There are 2 protein chains.
Amino acid sequence: MNTVEYLREQGLKVTPQRIAIYSMLSNTKSHPSAEDIYKELLPTNPSMSLATVYKTLDSFKSIGLIQELSVGSGKNNYDADLSSHAHIVCLDCGNIYDLEVDISNQLNNIKDKIATEKSFIISHQQITFYSVCPTCKKS
Amino acid sequence: MNTVEYLREQGLKVTPQRIAIYSMLSNTKSHPSAEDIYKELLPTNPSMSLATVYKTLDSFKSIGLIQELSVGSGKNNYDADLSSHAHIVCLDCGNIYDLEVDISNQLNNIKDKIATEKSFIISHQQITFYSVCPTCKKS
DNA sequence: TTACCTGCAAAACATTTGCAGTTCT
DNA sequence: AGAACTGCAAATGTTTTGCAGGTAA
């Protein structure tokens, strides 16, 4: 599906800033913060402001185009990958990695259990594992 | 085990502020923020400062006496319950509830999978489900 | 045209830090 | 006595907000 059309469909205007932000976010696996995005786009978009990045991320989040992560670093991180996947945060360097392990069976299992034992209907979840990444383990 | 002794064992001094903070935290299921703790203790400890609450929570965290949660509210929340349990955050009121459902089987399953498929050794994890709590669903 | 968006600057929060004085051990 | 802790105030870092001008539809 087409992101440009989806934005219009949701009543959001399509601006160069928004295209740049979404395109950067959907082409990285690094889970950048608002400031990371701002700094990376600045060379090619010199007039971009940090406030616009924040506002845009907020708009994208409310129409479900991206997801926001809180892993305890003091800042939020953003992910355009909406598939239900977990993350691994390195306790040393702070990098956030996708957990490339299929946990859908276990997750569905838990959600079924919650549905039967509790009166909560889960909307979504955030699953974060903390570890030391292979690179940091070496040094 | 005795918390007072544990603090001394870990080289931390036992002060009235620390006792008040730990005692408050271990007697609640509300997962308070630093400021929540400060405000609740202020009537009985009028000289307590917010900076001390932050410093104390940080000390407690580093000796593994409490755990810090980041659920995306913009502030950190604290929990003296160290058992490996998940949380449910209400998308409406923001309250954080313990998920009183045993997910240890599924969790061990996932960790085993990570251990065999990836070279990450998991230290700990944070599992947060988002939903609307029964109270908010009514209104 | 008009409603929405951008960029700027200021404001609002959450958290950390430095320091002088106090309190545990 | 000595090291660590507290409280205060100032500083820091992240995110939000208000507003005037600009841009997409």
Side-chain angles (χ1 to χ4, degrees), chain A residues 2-22 24 31-63 65-66 68-78 94 96, chain B residues 2-22 24 31-63 65-66 68-78 94 96:
Chain A
N2 190 324
T3 306
V4 166
E5 279 168 22
Y6 182 66
L7 288 176
R8 290 211 183 95
E9 203 175 282
Q10 295 292 316
L12 295 186
K13 289 188 173 162
V14 178
T15 67
Q17 293 84 345
R18 287 178 174 175
I19 292 171
I21 291 168
Y22 183 72
M24 184 258 164
H31 311 88
S33 67
E35 201 179 359
D36 293 337
I37 297 170
Y38 171 69
K39 281 185 180 161
E40 176 151 343
L41 294 179
L42 207 49
T44 43
N45 306 58
S47 76
M48 170 104 57
S49 87
L50 184 53
T52 297
V53 175
Y54 274 107
K55 285 169 187 166
T56 298
L57 292 170
D58 200 53
S59 302
F60 285 180
K61 193 175 46 159
S62 25
I63 63 167
L65 193 60
I66 62 171
E68 190 180 64
L69 311 178
S70 300
V71 301
S73 61
K75 49 178 85 170
N76 289 328
N77 296 277
Y78 297 88
I96 303 173
Chain B
N2 190 323
T3 306
V4 166
E5 279 169 20
Y6 183 66
L7 288 175
R8 290 211 182 94
E9 205 175 280
Q10 296 292 316
L12 294 186
K13 288 189 174 163
V14 178
T15 67
Q17 293 86 344
R18 286 177 174 177
I19 292 171
I21 292 169
Y22 184 72
M24 184 258 164
H31 311 88
S33 66
E35 201 179 0
D36 293 336
I37 296 169
Y38 171 67
K39 281 186 179 160
E40 176 151 344
L41 294 179
L42 206 48
T44 43
N45 305 59
S47 76
M48 170 105 57
S49 85
L50 185 53
T52 296
V53 175
Y54 275 107
K55 285 169 186 166
T56 298
L57 291 170
D58 200 54
S59 301
F60 285 179
K61 193 175 46 161
S62 23
I63 63 167
L65 193 61
I66 62 171
E68 190 179 64
L69 310 178
S70 299
V71 301
S73 61
K75 48 177 88 171
N76 289 328
N77 296 276
Y78 297 89
I96 303 173

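Source: prediction; values computed, not measured.
Between the side chain of A:T52 and the backbone N or O of A:M48 there is no donor-acceptor pair closer than 3.5 Å. The main-chain N or O of B:F60 is never found under 3.5 Å from a side-chain atom of B:Y22 such that the two would form a donor-acceptor pair.
The minimum heavy-atom distance between B:A34 and B:V53, with the atom names listed, is O-CG1, 3.5 Å. The minimum heavy-atom distance linking B:Y38 with B:L50 is given by the pair CE1-N, 3.5 Å.
To the nearest 0.5 Å, atom OG of residue B:S70 and atom CG of residue A:L69 are 11.5 Å apart. The distance from the NE2 atom of B:H31 to the CG atom of B:N76 is 13.5 Å, given to the nearest 0.5 Å. Between A:K75 atom NZ and A:E35 atom CD the span is 5.5 Å, to the nearest 0.5 Å. Atom OG in B:S62 sits 9.5 Å away from atom CD in B:Q10 (nearest 0.5 Å). Between the CD1 atom in B:I21 and the OG1 atom in B:T15 there is a gap of 7.5 Å [rounded to 0.5 Å]. The line from OG of A:S49 to CD of A:Q17 is 8.5 Å long, rounded to the nearest 0.5 Å.
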Review item, nucleotides 9-12 of chain C N/O atoms under 3.5 Å of protein N/O:
none

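Separating the NZ atom of B:K75 from the P atom of C:dT15 is a distance of 7 Å, rounded to the nearest angstrom. Taking atom CG of A:L50 as the reference point, atom P of C:dT6 lies 13 Å away to the nearest angstrom.
The bend of the helix from C:dT1-D:dA25 to C:dT25-D:dA1, defined by the angle between the axes of its first five and last five pairs, stands at 40° to the nearest 10°.
Checking A:S59 against B:D58, the closest nucleotide of DNA chain C that is more toward the 5' end is the one next to A:S59.
At a threshold of 4.5 Å between non-hydrogen side-chain atoms, the residues B:V4 and B:R8 count as touching. A 4.5 Å side-chain heavy-atom check between B:I37 and B:L57 finds at least one atom pair inside the cut-off. Between A:L7 and A:I63, the closest side-chain pair of non-hydrogen atoms falls below 4.5 Å.
With sequence neighbours excluded, the residues forming a salt bridge (charged side-chain N to carboxylate O under 4.0 Å, His left out) with B:K61 are B:D58, B:E68, listed by chain and number.
From the 5' end on, the contacts that DNA chain D makes with chain A at under 4.0 Å to a non-hydrogen atom open and close at D:dT14 to D:dA25.
Distances shown here put every side-chain N or O of B:N76 at or beyond 4.0 Å from the OP1 or OP2 atom of C:dA14.
The stretch residues 7-21 of chain A comes close to DNA chain C through A:L12, A:K13, A:T15, A:Q17, A:R18, each having a heavy atom under 4.0 Å from the strand. Across residues 36-49 of chain A, not one residue has a non-hydrogen atom less than 4.0 Å from an atom of DNA chain D.
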